[in-house]
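Read the structure below first, then the notes.
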Amino acid sequence: HLMLNGFVASFIGGFLMTAVPKFSQTKLARTPEVFAYFTITLLALAAALSEQESLSFVASALQAFFLLFFLLVRIGQRKVNPPYSFIFIFAGLFLWLISGLGSAYLDQEVWKPLHYQGAIACIILGVGSRLIPG
């Protein structure tokens, strides 16, 4: 949990909050947006370290929700359409959100693979489909 919702989530957040504004030619991430995502990530890590699994999964879902919101705002203000492969990023963030809420309130063993495998794979596919050919 610490690896995915700490390191990987920070990497994904940092990349998306940098790349999406550049690909869509919108304003860069503002300091309050970066600080908000950082705070949510710290909440997820603190909950995981204190073994509060439900809170940790809710915070994980908040990470995905925040990134989805960030991307939707930027896409709504776009000057250039983002690459078609970015649809997989939205799918991955949606799977991340659903798996976090499902793990928090339902059987986590059913929902965790959706996050660990489905969401991360979609995000990598969405980003890699654009970067590798470039």
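Being a predicted model, the structure only gives us computed values, none of them experimental. If you read the sequence from its start, that first residue is 1, and numbering goes on from there.
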> Are any of the side-chain heavy atoms of L67 and M17 separated by less than 4.5 Å?
Replying inline: yes
Smallest heavy-atom separation, G92 atom then A119 atom, equals O-CB, 3.3 Å
task = Would you mind reporting whether P82 and V20 have side-chain heavy atoms less than 4.5 Å apart?
result = no
Start with the C-alpha gap between K27 and E33, add the side-chain angles, then the distance that decides, and say whether salt bridge (charged side-chain N to carboxylate O under 4.0 Å, His left out) holds. CA-CA 12 Å; K27 60 185 178 239; E33 292 170 324; over 6 Å; no
Compare all side-chain heavy atoms of I98 with those of W111 and state whether any distance is below 4.5 angstrom.
yes
Subject >> Within-4.5 Å side-chain heavy-atom neighbours: L43 and V58 >> reply: no
Taken to the nearest 0.5 Å, the spacing of L97 CG from L101 CG works out to 5.0 Å
request  = Give a yes or no on whether L72 and Y84 share a hydrophobic cluster (residues Ile, Leu, Val, Met, Phe, Trp, Tyr; joining criterion: side-chain heavy atoms under 4.5 Å apart).
outcome  = no
Please work out whether the ring planes of F69 and F65 are parallel, tilted or perpendicular, with thresholds of 30° and 60°. parallel
Taken in chain and number order and not counting sequence neighbours, the residues that satisfy salt bridge (Lys or Arg N to Asp or Glu O under 4.0 Å) with E53 are none
| query | Out of curiosity, does V73 fall in the hydrophobic cluster containing V80 (side-chain heavy atoms, cut-off under 4.5 Å, transitive links)? | reply | no
task = Give a yes or no on whether L106 and L114 share a hydrophobic cluster (residues Ile, Leu, Val, Met, Phe, Trp, Tyr; joining criterion: side-chain heavy atoms under 4.5 Å apart).
result = yes
Exercise for review: Mind running side-chain contact (heavy atoms from CB on, under 4.5 Å) on L68 and F90 for me, showing each step along the way?
Suggested key: CA-CA 7 Å; L68 272 171; F90 287 98; 3.9 Å; yes
In short, L93 meets A64 closest at the heavy-atom pair O-CB, 3.5 Å
May I ask you to check whether S24 and Q77 show a side-chain donor-acceptor distance below 3.5 Å? no
In this structure, CG of L125 is separated from CZ of F86 (nearest 0.5 Å) by 12.0 Å
Inset, instruction - Find out if a path of hydrophobic residues (ILVMFWY) with successive side-chain heavy-atom gaps under 4.5 Å connects Y116 to V110. - result: no
message = Which label fits W96 and H115: parallel for a plane angle under 30°, tilted from 30 to 60°, or perpendicular past 60°?
response = tilted
| message | I want to check something: taking the side chain as every heavy atom from C-beta on, are F15 and V127 in contact at a cut-off of under 4.5 Å? | response | yes
In this structure, OH of Y37 is separated from CG of L42 (nearest 0.5 Å) by 11.0 Å
- Can you check whether Q52's main-chain N or O pairs, donor with acceptor, with S56's side chain at less than 3.5 Å? no
When every non-hydrogen atom of C122 is compared with those of L95, the smallest separation belongs to SG-CD1, 4.0 Å
Closest non-hydrogen contact found for A29 with P21 is N-CG, 4.4 Å
Exercise. With the 4.5 Å side-chain cut-off for hydrophobic clustering, are I124 and I89 part of the same group?
Worked result: yes
Interatomic distance, CD1@I12 vs CD1@I123, rounded to 0.5 Å, equals 4.0 Å
Exercise. If you count the non-hydrogen atoms of other residues, nucleotides and ligands that lie under 6.0 Å from CZ in F88, is the total more than 12?
Worked result: no
To the nearest 0.5 Å, atom NZ of K112 lies from atom CZ of F57 at 5.5 Å
Between the CG atom in L55 and the OG atom in S60, the distance rounded to the nearest 0.5 Å is 11.0 Å
